[in-house]
Number of protein chains: 4
Amino acid sequence: MGSTAREGEPKARRGDTRQRIQDVALELFAERGYEKTSLREIAEQLEVTKAALYYHFKTKEDILLSLFQDLGQPLDELLAWGTEQPRTLETKQELMRRYSAALNKAAPLFRFMQENQATVRELSIGQIFKDRMFAMSHLLREPDAPLSDQVRCVTALFSLHAGLWALQTIEGDPEDKRKAALEVALDLVTQAHMGQ
Amino acid sequence: MGSTAREGEPKARRGDTRQRIQDVALELFAERGYEKTSLREIAEQLEVTKAALYYHFKTKEDILLSLFQDLGQPLDELLAWGTEQPRTLETKQELMRRYSAALNKAAPLFRFMQENQATVRELSIGQIFKDRMFAMSHLLREPDAPLSDQVRCVTALFSLHAGLWALQTIEGDPEDKRKAALEVALDLVTQAHMGQ
Amino acid sequence: MGSTAREGEPKARRGDTRQRIQDVALELFAERGYEKTSLREIAEQLEVTKAALYYHFKTKEDILLSLFQDLGQPLDELLAWGTEQPRTLETKQELMRRYSAALNKAAPLFRFMQENQATVRELSIGQIFKDRMFAMSHLLREPDAPLSDQVRCVTALFSLHAGLWALQTIEGDPEDKRKAALEVALDLVTQAHMGQ
Amino acid sequence: MGSTAREGEPKARRGDTRQRIQDVALELFAERGYEKTSLREIAEQLEVTKAALYYHFKTKEDILLSLFQDLGQPLDELLAWGTEQPRTLETKQELMRRYSAALNKAAPLFRFMQENQATVRELSIGQIFKDRMFAMSHLLREPDAPLSDQVRCVTALFSLHAGLWALQTIEGDPEDKRKAALEVALDLVTQAHMGQ
DNA sequence: CATGAATGAGCATTCATTCAT
DNA sequence: TATGAATGAATGCTCATTCAT
């Protein structure tokens, strides 16, 4: 990746080490889990020493945290946007659409979060993540609606996340599946809204 | 504990060590994750030595496997039952009802599976679990139905799992929430069926 | 050392590993300092693995702590004894005699304490050691005596410690030097007492 | 600090970095020990990079060496002075007085030497320090005096060092305590002289 | 049925040091 | 005068596992 021609290329990179660490780390974290990914592996894949990682990040957890902050920002912005909108059905639907799109962009990270909850829960990002989900859920559901309608909203939200991997079971083009998942989610939100 | 009189009782238990190991292991696995739970911790909580664990189980993974086999059996039976039934809407609905009940009984194990996917994937049970989900999904959805209806079925299934933890966000009695989740899941299956 | 014949002797030891760890650790701690002595070195010298050390001691600090507790016990007993005696000159003198003897027996440990104060200060034994010195000093000096007499007592005490190494400067038989140091210390205590 | 007016002052210092490194290093070495003080800490406290330290000093040990040379010089001069004097009691007493004063000025360094002997012993300054103590001791004691008198002299010398910290045990004004320590030391030297 | 003792492999982290810029 | 980026070596520690008793 990196379509522009680079000159030299024996090492070919300079200030991009931090970024490259993040890339490799995310890939390995998502693939093999946080605990099972050792800094040695990350370093080896980058052809640097472990100590080099420590020049750029204070701890292993810090690498993950940085990924979460960098890639999760769009969601925070979406949350901010949602808070300012009127609580109409249209807003909720638009929220879902944007959420699906944002999720899609940072798919590996969210797949990671999904698949490593037990680990993440004990890390500092655990709470941040939970808070975000909580906030999102509150933008969608009405606290005094029937329980089933509230469940519908949470399920809608959650199924978008799930779409990242649970839909493996179904064959088909990933983008088509994402759209189908969004459609179902929108339906759920709409039904919840009508139910009121 | 133990209302029947026992004589001697320096430690008060006899052939139940294997069971006790499973109990403690499941509790810790679910709470802190598989990787982060060490055999030392399990042994300490049981007040036996690590070596004792190895008398009952060949490896750490073996403990998990045994849990999966013991607690997952009802699901296999449900699967067998489902395969013999006609593929009607009623069957599917009943399948969901029974699935929800089965899940509920082995909640800690399934919470564990949910939260440790990355780890589980690399273990022998990973494939078994995946196969089971796959089989279940195939009992619910029709391969030539529209994508969105297929997604509805998978989401239904998945939302039951999710109910185990994603609904923390909503306050309310756990049993009520489980019922609400089941209701939504049944709805989804029904809609998928109608859509056809 | 070890005058009794042992049979076999390919490994020749069984339950004595803990003791052997302490011996080697004390030797190395005293010789090269606490920080500069690594667990690898200790293990290598014992021809066991590092992990074996951890079977017997929870941490590196714990090894030191155990040494301190085992070897320092006589001093605690001396302290207890001293507390029960009348505060006469004779008591103080006897205290010094016994202190000198006790010190002599655990010489390597006290040489270590002397030479690694900066390190020890940050360890849990730092406070224990300090408290002990404090208690000892309080048995010797009278709080309302002239400052110089109080200094005399502390110096007496301290010079016994010092004898462990500061007297290297003087050639002569170690036992003679110890006795000479004790003589000077007794003198100081006596002078302090007379001064009152 | 710095009474002369300076203009601009973006960082407020210019050629004094070397000095500032020494100051901070001595402070940290004395407080936390040589081994446990890392160059990172020193650099951080100075708000420069580690590499900057290497511009001013070849190695970590070199920083310590420079401190020792700069602050220990008065003692070397005192030693030279002592060597030229007649070996009278008055000379010895004056030696003690000046030694006490010199020690007092470079207190942190000597406290450091005292508390890090195990470390220092393996460093190049170890020998230098030892030689100096040796020379000093030889100016005070007579080689053919009774052992106890020789011990008295060494103890006198040593107790001045000790005064730097062992007297914490006693409350009182530091300067008063220093004077009391000197008084005791003078006494010891005098007694040793009389004994002859 | 279980323990005491040990191992080998691995891990996250830290450190003094180097060097091109 | 300094820094940014990196290294190589080490460290304390933990873990799953083994095996004789």
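In the text below, chain A, chain B and the rest are named by the order of the sequence lines, each starting its count at 1.
Counting atom types as modelled, K50(B) pairs a side-chain N or O with a base atom of dT17(F) as donor and acceptor under 3.5 Å.
Of the two residues near DNA chain E, E41(D) and K36(A), the one whose nearest nucleotide lies more 5' is K36(A). The 5' end of DNA chain E is approached more closely, in terms of each residue's nearest nucleotide, by L53(B) than by the other of K60(A) and L53(B). DNA chain F is contacted by both E35(B) and T49(D); T49(D) maps to the nucleotide lying nearer its 5′ end (nearest heavy atom per residue).
Between Y55(A) and dA5(F), a side-chain N or O to OP1/OP2 separation shorter than 4.0 Å is present. Contact between the side-chain N/O atoms of S38(C) and the OP1/OP2 oxygens of dT11(F) is found at a separation under 4.0 Å. Distances shown here put a side-chain N or O of H56(D) below 4.0 Å from the OP1 or OP2 atom of dA2(F).
For CD of Q73(C), the number of neighbouring non-hydrogen atoms (other residues, nucleotides, ligands) closer than 6.0 Å is 12 at most.
Annotation: cation-pi pair K60(D)/Y54(D) absent, no NZ/CZ under 6.0 Å from the ring centroid and within 45° of its normal.
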**Study point:** Worked check of side chain to side chain donor-acceptor pair (under 3.5 Å) between T119(C) and E35(D)
**Key:** CA-CA 9 Å; T119(C) 293; E35(D) 317 270 7; over 6 Å; no
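In a base pair of the Watson-Crick type (N1 to N3 plus N6-O4 or O6-N4) or a G-U wobble (N1-O2 and O6-N3), with each distance short of 3.5 Å, dG8(E) is matched with dC15(F).
Residue A52(C) has its side chain nearest to dT7(E) when only dT7(E), dA2(F), dC11(E) are considered. Minimum atom distance to the side chain of A51(A) is reached by dC15(E), of the listed dA6(E), dA12(E), dC15(E).
The distance from atom CD1 of I63(D) to atom C1' of dA16(E) is 11 Å, rounded to the nearest whole Å.
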